[in-house]
Chemist: 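This is the structure, below, for whatever I ask next.
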There are 2 protein chains.
Amino acid sequence: MNESFKALADPTRRQIIRLLRDKDRTAGEIAEFFNMSKPSISHHLNALKTAGLVQDERQGQFIRYTLNTTVLDEVLSWLLELTDGNRDKKGK
Amino acid sequence: MNESFKALADPTRRQIIRLLRDKDRTAGEIAEFFNMSKPSISHHLNALKTAGLVQDERQGQFIRYTLNTTVLDEVLSWLLELTDGNRDKKGK
DNA sequence: TATACATTTAAACAATTATCTAAATATCGA
DNA sequence: TCGATATTTAGATAATTGTTTAAATGTATA
């Protein structure tokens with residue numbers, strides 16, 4: 001959970017998530033959207049992967065990244081617990 | 001928006017938010033929950049305030065902190081845009 | 001199998017962040 | 001106004017993070 005929030009704290013990583021919302025993309029395709037070296041993007045992708053926010057799968061020469069909405073849902077739940085009226089404050 | 005995500009990236013700050021969800025509290029009351037110096041807590045409170053996640057109001061000797069759910073709602077919206085089916089990808 | 005392409009890993013470095021102690025500011029009550 | 005209490009601000013430092021270039025790994029193809 002902490003990893004997820006930390007992963008979301010960076011604007012580049014949030015943008016990557018948006019890109020993957022539209023469709024799966026390879027690391028190179030993702031990198032093209034940014035003014036940043038490929039190793040940097042790779043690093044950000046790894047942060048997202050560690051957090052469980054994306055998954056990767058090698059397809060031949062390429063590595064294809066996919067959004068994992070499950071973890072996003074968990075973050076959503078955490079936030080919803082705060083704004084919702086129910087006060088059972090379960091400490092997740 | 002970036003400030004909000006960065007503020008949420010720290011576990012101490014998330015815990016502070018949870019504490020404020022239950023009720024408003026003074027800086028000192030908040031600090032009692034943590035194994036950390038008061039200046040550190042003050043620093044975290046300031047980060048939350050800068051992000052707009054909390055508001056503060058002096059009450060005599062004390063400073064009382066309040067949760068501002070409006071900004072939390074904005075973060076929620078950002079996340080909901082990702083998980084929802086609608087694909088109008090407005091770049092907020 | 002040699003070369004090119006896609007991507008990651010390694011190593012270094014700068015910038016940011018979290019933390020502490022000490023000092024400053026603000027308010028209250030005697 | 002003085003002393004106690006509540007909190008923040010300042011200054012220092014250690015840890016973490018984001019970035020780069022160079023090298024390594026894995027795959028495809030001629």
Side-chain angles (χ1 to χ4, degrees), chain A residues 1-20 22-68 71 75 78, chain B residues 1-20 22-68 71 75 78:
Chain A
M1 195 53 152
N2 189 40
E3 287 303 309
S4 312
F5 274 108
K6 284 201 295 184
L8 288 166
D10 183 272
T12 300
R13 291 195 289 264
R14 287 199 301 278
Q15 186 59 35
I16 290 174
I17 288 177
R18 297 183 90 109
L19 291 170
L20 292 178
D22 297 334
K23 62 178 180 193
D24 301 351
R25 298 182 198 265
T26 68
E29 283 167 357
I30 292 167
E32 278 176 4
F33 286 89
F34 299 93
N35 216 356
M36 193 179 291
S37 72
K38 284 181 182 181
S40 289
I41 296 297
S42 183
H43 162 87
H44 284 305
L45 286 169
N46 188 252
L48 290 168
K49 189 174 145 187
T50 299
L53 286 163
V54 306
Q55 287 158 342
D56 64 348
E57 181 194 5
R58 182 172 279 277
Q59 286 185 350
Q61 220 169 352
F62 305 90
I63 296 180
R64 178 159 296 273
Y65 282 85
T66 312
L67 189 59
N68 178 12
V71 173
V75 175
W78 191 94
Chain B
M1 194 53 150
N2 189 39
E3 287 301 311
S4 311
F5 273 108
K6 283 202 295 185
L8 288 167
D10 182 272
T12 299
R13 289 194 290 263
R14 288 199 302 278
Q15 186 60 35
I16 290 174
I17 288 176
R18 298 183 90 109
L19 291 170
L20 292 178
D22 297 334
K23 60 178 181 193
D24 302 350
R25 299 182 197 264
T26 67
E29 283 167 357
I30 292 167
E32 278 176 4
F33 285 89
F34 299 92
N35 215 356
M36 194 179 291
S37 73
K38 284 180 181 180
S40 291
I41 295 298
S42 182
H43 161 87
H44 285 305
L45 286 169
N46 189 59
L48 290 168
K49 187 173 143 186
T50 299
L53 287 163
V54 306
Q55 287 159 342
D56 64 348
E57 181 195 5
R58 181 173 280 276
Q59 286 186 351
Q61 218 169 354
F62 303 91
I63 295 179
R64 178 159 297 274
Y65 281 85
T66 312
L67 189 59
N68 177 13
V71 173
V75 175
W78 192 94

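All chains are named by letter (A, B, ...) in the order of the sequence lines, taking the proteins before the strands, and each is independently numbered beginning at 1.
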Chemist: Strictly distance-based, threshold 3.5 Å: is any side-chain N or O of A/N68 a donor or acceptor partner for the main-chain N or O of A/Q55?
Modeler: no
Chemist: With a 4.5 Å limit on heavy-atom distance, are the side chains of B/L8 and B/V75 in contact?
Modeler: yes
Chemist: Of the options A/L53, A/L48, A/L67, which is the one that meets A/I16 in a side-chain contact (heavy atoms from CB on, under 4.5 Å)?
Modeler: A/L48
Chemist: Looking only at heavy atoms, what is the nearest atom pair of A/A51 and A/E3, with distance?
Modeler: CB-O, 3.6 Å
Chemist: Can you check the A/I16 CD1 to D/dG18 P distance for me, whole Å?
Modeler: 11 Å
Chemist: With DNA chain D as reference, determine whether A/K38 or B/N46 sits nearer its 5' end, using the nearest nucleotide of each.
Modeler: B/N46
Chemist: May I ask you to evaluate whether B/H43 reaches the phosphate of D/dA10, defined as a side-chain N or O under 4.0 Å from OP1 or OP2?
Modeler: no
Chemist: Looking at DNA chain D, which of residues 55-65 of chain A put a heavy atom within less than 4.0 Å of it?
Modeler: A/R58, A/G60, A/Q61
Chemist: Does a side-chain heavy-atom distance below 4.5 Å link A/Q15 with A/F33?
Modeler: no
Chemist: Any chance you could measure B/R25, atom CZ, to B/L20, atom CG, to the nearest 0.5 Å?
Modeler: 7.0 Å
Chemist: Using chain B heavy atoms and a threshold of under 4.0 Å, write down where along DNA chain C the contacts begin and end, 5' to 3'.
Modeler: C/dT17 to C/dC28
Chemist: Nearest whole Å is fine: how far is D/dT20 C1' from A/F34 CZ?
Modeler: 17 Å
Chemist: To the closest 0.5 Å, what do you measure between CD (B/E32) and NZ (B/K38)?
Modeler: 7.0 Å
Chemist: Would you indicate what B/T26 reaches in the nucleic acid, counting non-hydrogen atoms under 4.0 angstrom: base, sugar-phosphate, or nothing?
Modeler: sugar-phosphate
Chemist: Base, sugar-phosphate alone, or nothing: which one does B/D10 contact when heavy atoms must sit under 4.0 Å apart?
Modeler: sugar-phosphate
Chemist: Check whether any side-chain heavy atom of B/R14 sits under 4.5 Å from a side-chain heavy atom of A/W78, and report yes or no.
Modeler: yes
Chemist: Picking from D/dT19, D/dT20, D/dG18, which would you name as closest to the side chain of A/S37?
Modeler: D/dT20
